[in-house]
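For reference, the structure discussed in these notes is given below.
Here the structure is a predicted model, which means the values were calculated and not measured. Convention: sequence-line order gives letters A, B, ...; per-chain numbering from 1.
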There are 2 protein chains.
Amino acid sequence: MRIGELARRTGASVRSLRYYEEQGLLTSSRSASGQRRFTPDQVERVACIRQLYAAGLSSRTIYDLMPCSESPSPENSDRALERMERERERLTASIAELARARDALDGLMVLNRTDRAGLVDAAPR
Amino acid sequence: MRIGELARRTGASVRSLRYYEEQGLLTSSRSASGQRRFTPDQVERVACIRQLYAAGLSSRTIYDLMPCSESPSPENSDRALERMERERERLTASIAELARARDALDGLMVLNRTDRAGLVDAAPR
DNA sequence: CGCTTCCCTGACATGGGCGTGAGGTTCCAG
DNA sequence: CTGGAACCTCACGCCCATGTCAGGGAAGCG
């Protein structure tokens, strides 16, 4: 399929898809006239890429992780796994941090409600 | 206390603290010579600000939220609460998304391990 | 006094994913 | 054949919290 189709199917912009390719996250064959051609399973790959972006990984990191992104070998696999482990930990920490932030927000909300009640009490004009 | 002290106590850089002030998130009195003076309770405030930054709020949003940041009034309180509610939802969604991303990563790890095992099996030179 | 350390303002740099526009080619339906 | 949609490359812009450098006052100790 062409790039517009892939964009429609994945929800990514055409620009983003080109960018992913530029970053080595996505490969395409080219038609005689130079247009990119993608295979159906790239849809899934894009979804995966976007998941990882959503997890806050950089394109470089995603590149390093992509299974068999270049030459599959036990060494590469191990390196990737190690990296994934690290990122997994980062993610977990990040989730915990967000949860803490949410708690902090809850605290602010309570505070605000209290303040508000105080205001209404004090000056019920 | 002076800005360096506050930085040490909060873990924020001096640059960041100035920036927070510039964004209206932090106030300071000035000494005769123009140096910023902070009170001890600003330490907590900075911690709170950083929590919210960590939650992905923009300085503008944080500004809008800060309790009684300008004129405390029931209307302002309500607006702030509404905003907080929205941000809370965003946070919750974001946490869920990160969790999904972590699952995706787990999937990749399993895949990678499988691939690796296959490689070792197939070509155990 | 002088030395070190801190503080001030102002301004430019940066990263990174993506929007956007220019200027041009290709594809396809009518 | 023709017009519009889709595609191409190149390149600049943006956001925004921070780092960092320059150039110059303060603070405080020996």
Side-chain angles (χ1 to χ4, degrees), chain A residues 1-39 42-43 45-66 87 90-91 94 97-98 101 104, chain B residues 1-39 42-43 45-66 87 90 94 97-98 101:
Chain A
M1 78 190 80
R2 293 190 296 170
I3 199 170
E5 173 92 10
L6 185 60
R8 238 171 290 118
R9 290 206 197 167
T10 58
S13 69
V14 168
R15 175 69 173 93
S16 294
L17 294 176
R18 291 203 190 105
Y19 179 74
Y20 300 159
E21 185 189 30
E22 187 184 318
Q23 299 302 305
L25 308 181
L26 205 54
T27 53
S28 65
S29 51
R30 297 298 183 109
S31 75
S33 63
Q35 297 201 347
R36 292 171 181 81
R37 296 297 163 163
F38 298 93
T39 58
Q42 310 267 55
V43 172
R45 187 173 180 101
V46 171
C48 181
I49 292 172
R50 306 212 101 206
Q51 271 295 307
L52 295 175
Y53 270 124
L57 309 211
S58 69
S59 43
R60 172 63 210 227
T61 305
I62 298 177
Y63 176 81
D64 291 346
L65 290 187
M66 281 325 242
E87 292 300 332
R90 206 186 43 71
L91 256 180
S94 183
E97 190 171 15
L98 283 194
Chain B
M1 79 190 79
R2 294 190 294 172
I3 199 170
E5 173 92 12
L6 185 59
R8 237 170 292 119
R9 289 207 199 166
T10 58
S13 69
V14 168
R15 176 68 174 93
S16 293
L17 293 176
R18 292 204 189 105
Y19 179 73
Y20 300 160
E21 185 188 32
E22 188 184 316
Q23 300 302 305
L25 308 181
L26 205 54
T27 53
S28 65
S29 51
R30 297 298 183 109
S31 74
S33 61
Q35 296 200 349
R36 292 172 181 81
R37 295 298 163 162
F38 298 93
T39 59
Q42 310 267 56
V43 172
R45 186 173 179 101
V46 170
C48 180
I49 291 172
R50 307 212 100 204
Q51 271 294 307
L52 294 176
Y53 270 123
L57 309 210
S58 69
S59 44
R60 172 63 210 227
T61 305
I62 298 176
Y63 176 80
D64 291 347
L65 290 188
M66 282 323 243
E87 292 301 333
R90 205 185 45 70
S94 182
E97 190 171 14
L98 284 194

Which residue pairs pass the salt bridge (Lys or Arg N to Asp or Glu O under 4.0 Å) test with at least one member in residues 24-36 of chain A, sequence neighbours excluded?
Glu21(A)-Arg30(A), Glu21(A)-Arg36(A)

Got a sec, which residues hit side-chain contact (heavy atoms from CB on, under 4.5 Å) with Thr27(B), two or more places apart in sequence or on another chain?
Gln42(B)

To the nearest Å, how far apart are Leu17(B) CG and dC8(C) C1'?
14 Å

By nearest-heavy-atom nucleotide on DNA chain C, the more 5' of Arg37(A) and Arg8(B) is Arg8(B)

Test log, rule side-chain contact (heavy atoms from CB on, under 4.5 Å), inputs Glu87(B) and Leu52(B)
CA-CA 10 Å; Glu87(B) 292 301 333; Leu52(B) 294 176; over 6 Å; no

Over all atoms of both residues, closest heavy-atom pair of Ala12(B) and Val46(B)
CB-CG1, 4.4 Å

Are the side chains of Ile62(B) and Tyr20(B) in contact, using a 4.5 Å heavy-atom criterion?
no

Let me know the distance between CD1 of Ile3(B) and P of dC7(C), rounded to the nearest Å.
7 Å

According to the salt bridge (Lys or Arg N to Asp or Glu O under 4.0 Å) rule, which pairs have a member within residues 53-62 of chain A, sequence neighbours left out?
Arg60(A)-Asp64(A)

Tell me: CD of Glu21(A) to C1' of dC8(D), nearest whole Å?
11 Å

Looking at DNA chain D, which of residues 27-36 of chain A put a heavy atom within less than 4.0 Å of it?
Arg30(A), Gly34(A), Gln35(A), Arg36(A)

Does a salt bridge link Arg2(B) with Glu5(B), judged by any charged N lying under 4.0 Å from a carboxylate O?
no

Value in whole Å for how far the P atom of dC7(C) lies from CD of Glu5(B)
9 Å

Heavy atoms, side chains only, cut-off 4.5 Å: are Phe38(B) and Thr10(B) in contact?
no

Where along nucleotides 10-18 of chain C does protein come under 4.0 Å, by heavy atom, of base (B) or sugar-phosphate alone (S), with - for untouched nucleotides?
-B-----BB

Would you mind reading off the distance between Phe38(B) atom CZ and dC7(C) atom C1', rounded to a whole angstrom?
11 Å

Do Tyr53(A) and Ser59(A) come close enough that some side-chain heavy atom pair is under 4.5 Å?
yes

Through what angle, rounded to 10 degrees, does the axis of the helix from dC1(C)-dG30(D) to dG30(C)-dC1(D) turn between its ends, using five pairs per end?
0°

Do Ser94(B) side-chain atoms and Arg90(B) backbone N/O form a donor-acceptor pair below 3.5 Å?
no

Could you state the interatomic distance from OG (Ser16(B)) to CG (Leu6(B)), rounded to the nearest 0.5 Å?
11.0 Å

